[in-house]
Structures are given as structure tokens and as C-alpha cells.
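Because the structure is predicted, anything quoted here is derived from the model rather than measured. Counting begins at 1 with the first residue of the sequence.
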Amino acid sequence: MATTRSAHTVWEGNLFQGNGVVSFDSSGSIAQQPVTWASRAEEANGKTSPEELIAAAHSSCYSMAFSNILDKAGTPPTKLTTSADVTFQPGEGITGIHITVEATIAGISEEDFQARAEDAKVNCPVSQALKAVPITLSAKLA
């Protein structure tokens, strides 16, 4: 069954001096978050950005995909710690995403671990949606 998740943003003013508030409609589990051009292109200063939201989505999606791949191979993870760094260059857009994962997994070779980590990078749904952007990976067994 397909699912749809929704969020909305109310923006006031122009791009450079204006500001907005992002609301997470589907879950309501995240408080409304302020967003500005400065929080996107300069310092965060307690505000979010589209890139931070993409990083959150990518790190959680990658963790789910990698966990599933490992489990199906008979080596379920004890723990995955995943981060995603999304780089934004004003005037160019999102220029890259780097995923870093550290995993605690019993009974897996380094070779199998790296192959499955790469599989998750390429095939998680968020990676698939963002495949126009270069995505790199650093994967390490704890």
C-alpha cells in the first residue's frame, strides 16, 4: 500500500530578508521549524534548511535500507549510526551528499559489509529520488 507524507511551509517576504516556518503535517511529531535564506546559505543560527531536512530523511532511509539488506543476508545489525551531510552551494544548488555509517554487526566480513553498505547507498528510496546528485559513502564496522 502506498503512503503519502506531507509537510508545508509558510514563507513571508522576499528570499534574502524573508523567513518561513516548516510544518510536519503527517506526523505532527516534529515542532514547526523556522527557515531562512541565511540558515540555508550561511550559519544555521537555530533555524533549519531544506538541506538539513534532506539529510535527516536520507540518514533515516539509508539506515532502514541497510538494516533490511543485512537482515535478509542473515547478518542483522545490532546497531547502525548513520549521518548524512548535504552540501549546498548558492547559485549551483545541492552539489553532493556524503553518508557516513558505523555499524555493529556480528559475523560479517569486511568485504560483505562494504558491498551491502554500497547496495543500501544506491538503492534506498531517498538515494533513488536524489540520484541526480553525487552521493558518497564512508562505512565502518565498529
#### Entry: Nearest atoms (heavy-atom pairs only) where A117 meets A139
CB-CB, 3.7 Å
### Query
In the single-linkage hydrophobic clustering (I, L, V, M, F, W, Y; side-chain heavy atoms under 4.5 Å), do F88 and L15 co-cluster?
yes
### Same apolar cluster (I L V M F W Y, side chains within < 4.5 Å links), V35/V21
no
## Note on the structure
Note: S109 and D112 closest approach over all heavy atoms is OG-N, 3.0 Å
### Query
If every non-hydrogen atom of A55 is compared with every non-hydrogen atom of A84, which pair is closest and at what distance?
CB-O, 3.3 Å
### Query
In terms of hydrophobic clustering (I, L, V, M, F, W, Y; side-chain heavy atoms under 4.5 Å; direct or indirect links), are L70 and V126 co-clustered?
yes
### Task
Return yes if some donor-acceptor pair links the side-chain N/O of S127 with the main-chain N/O of N123 below 3.5 Å, else return no.
no
### Query
With a 4.5 Å heavy-atom cut-off, do H58 and L130 have their side chains touching?
yes
### Message
So P34 and N19, do their side chains get closer than 4.5 Å, heavy atoms only?
### Response
no
### Query
So, E118 and Q114: side-chain donor and acceptor under 3.5 Å apart, yes or no?
no
### Query
Can you tell me how far OG1 of T82 sits from CZ of F66, rounded to the nearest 0.5 angstrom?
8.0 Å
### Message
Tell me the closest heavy-atom pair linking T36 and K47, and the distance in Å.
### Response
CG2-CD, 3.5 Å
### Message
How about CD on E110, more than 12 heavy atoms from neighbouring residues, nucleotides or ligands closer than 6.0 Å, or not?
### Response
yes
### Summary
Going by chain and number, the hydrophobic cluster around M64 (ILVMFWY, side chain to side chain under 4.5 Å) further includes none
### Query
Distance-only, no hydrogens or angles: does the W37 side chain make a donor-acceptor pair with backbone N or O of S39 under 3.5 Å?
no
### Query
Are I54 and W11 grouped together when hydrophobic residues (ILVMFWY) are joined by side-chain heavy atoms under 4.5 angstrom apart?
no
### Task
Could you tell me whether the side chain of I108 reaches within less than 4.5 Å of the side chain of L141, counting heavy atoms only?
yes
Listed pairs under 3.5 Å, donor-acceptor, residues 89-103 side chains, sequence neighbours left out:
{"from": "H98", "atom 1": "ND1", "to": "T136", "atom 2": "OG1", "distance (Å)": "2.5"}
{"from": "H98", "atom 1": "NE2", "to": "S138", "atom 2": "OG", "distance (Å)": "2.9"}

### Query
T4 and S26: which non-hydrogen atoms are nearest, and at how many Å?
O-OG, 4.1 Å
### Message
I need the I30 CD1 to L53 CG distance, nearest 0.5 Å.
### Response
8.0 Å
### Query
Sub-3.5 Å donor-acceptor pair from the side chain of S60 to the main-chain atoms of A56, do we have one?
yes
### Summary
Separation between CG (D25) and CZ (R5), nearest 0.5 Å, reads 12.0 Å
### Query
Can you hop from I69 to V122 via hydrophobic side chains spaced under 4.5 Å?
no
### Query
Under 4.5 Å between any side-chain heavy atoms of F24 and Q33, yes or no?
yes
